[in-house]
Amino acid sequence: MSQYAAIMLAAGIGVPILAALNAALGKLVGSPTTAAVVLFAIAFGASALVMLVFPGLGALPKVAQAPKHLLLAGVLIAFYVLTITHVAPHFGVGNAVFFVLLGQLISTAAIDHFGLFGAQVTPLTWIRAGGIAVMAAGVAITQLA
């Protein structure tokens, strides 16, 4: 397994844990929005620390020159955290993450096929579409139990 695959595997393991922890915090404090704000405050602090420790601080002024649509990623992560924090306690972490994974499979295929946002172009062949369908079916099967 490559170093990148291992890192992304760890990130993938973290997503449902993040969902469960933040959903529990939102339920405990009685506000999914407050839980999301706390999560983002901690994430901001952790990201800022990493930026200070590793080279990259000099890149901060370049953000002002970036195309504004690239900043939509911040809105999308807020949408994800707010929705998973609100939905998971009512719908279940597994069900919520299932639909997140399904959405990821759909959007990943489109992004890769068209090379959106500067991504490497990977055409959606019948074989690749079949593989994505098998992945989606596998994720769906996990929710049947």
Side-chain angles (χ1 to χ4, degrees), residues 1-54 56 59-60 62-64 66-145:
M1 181 181 330
S2 77
Q3 172 185 351
Y4 295 129
I7 291 168
M8 295 317 299
L9 179 64
I13 290 168
V15 169
I17 296 170
L18 175 156
L21 292 173
N22 223 48
L25 180 61
K27 193 172 181 181
L28 178 74
V29 301
S31 170
T33 307
T34 299
V37 168
V38 169
L39 176 134
F40 283 118
I42 293 168
F44 174 79
S47 297
L49 181 63
V50 170
M51 183 180 69
L52 291 171
V53 171
F54 295 99
L60 198 54
K62 293 180 184 177
V63 173
K68 299 308 174 219
H69 73 274
L70 298 179
L71 303 179
L72 179 62
V75 175
L76 292 172
I77 194 62
F79 176 72
Y80 168 73
V81 169
L82 287 165
T83 57
I84 199 80
T85 302
H86 175 71
V87 170
H90 307 287
F91 194 47
V93 172
N95 288 330
V97 171
F98 163 74
F99 283 100
V100 168
L101 290 172
L102 187 58
Q104 287 176 335
L105 291 172
I106 293 166
S107 65
T108 298
I111 290 167
D112 285 354
H113 181 75
F114 296 108
L116 301 176
F117 315 115
Q120 177 180 323
V121 174
T122 305
L124 183 60
T125 63
W126 284 108
I127 292 174
R128 189 159 187 252
I132 291 169
V134 168
M135 289 173 66
V139 173
I141 290 168
T142 68
Q143 295 308 299
L144 295 176

Out of curiosity, [X] [atom1] to [Y] [atom2], how far, rounded to the nearest 0.5 Å?
X      : Y      : atom1 : atom2 : value
His90  : Asn95  : NE2   : CG    : 13.5 Å
Thr108 : Leu116 : OG1   : CG    : 11.0 Å
Phe114 : Thr122 : CZ    : OG1   : 13.0 Å
Met51  : Leu49  : CE    : CG    : 10.0 Å

Taking all atoms of both residues into account, what is the closest heavy-atom pair of [X] and [Y], and its distance?
X      : Y      : answer
Gly26  : Thr85  : CA-CG2, 4.4 Å
Ile132 : Ala109 : CD1-CB, 3.7 Å
Pro89  : Ile84  : CD-O, 4.2 Å
Lys68  : Ala64  : NZ-O, 3.0 Å
Ala136 : Phe98  : O-CE1, 4.2 Å

>> Once side chain to side chain contact (heavy atoms under 4.5 Å, CB included) is applied, do any residues pair with Phe99, and if so which ones, sequence neighbours excluded?
In response: Phe91, Leu102
> What residues, two or more places apart in sequence or in another chain, satisfy side chain to side chain contact (heavy atoms under 4.5 Å, CB included) together with Ile13?
Replying inline: Leu9, Ile17
> In a check of side chain to side chain contact (heavy atoms under 4.5 Å, CB included) between Leu82 and each of Asn22, Val87, Thr33, which one passes?
Replying inline: Thr33
> Is the number of heavy atoms from other residues, nucleotides or ligands under 6.0 Å of Met135 CE greater than 12?
Replying inline: no
>> Heavy-atom count check: over 12 atoms from other residues, nucleotides or ligands less than 6.0 Å from Leu76 CG?
In response: yes
> Taking the side chain as C-beta and beyond, is there a heavy-atom pair between Leu18 and Leu39 under 4.5 Å?
Replying inline: yes
> So do Thr83 and Val100 actually touch side chain to side chain, heavy atoms under 4.5 Å?
Replying inline: no
>> Donor-acceptor check, side chain of His113 to backbone of Leu124, threshold 3.5 angstrom: yes or no?
In response: yes
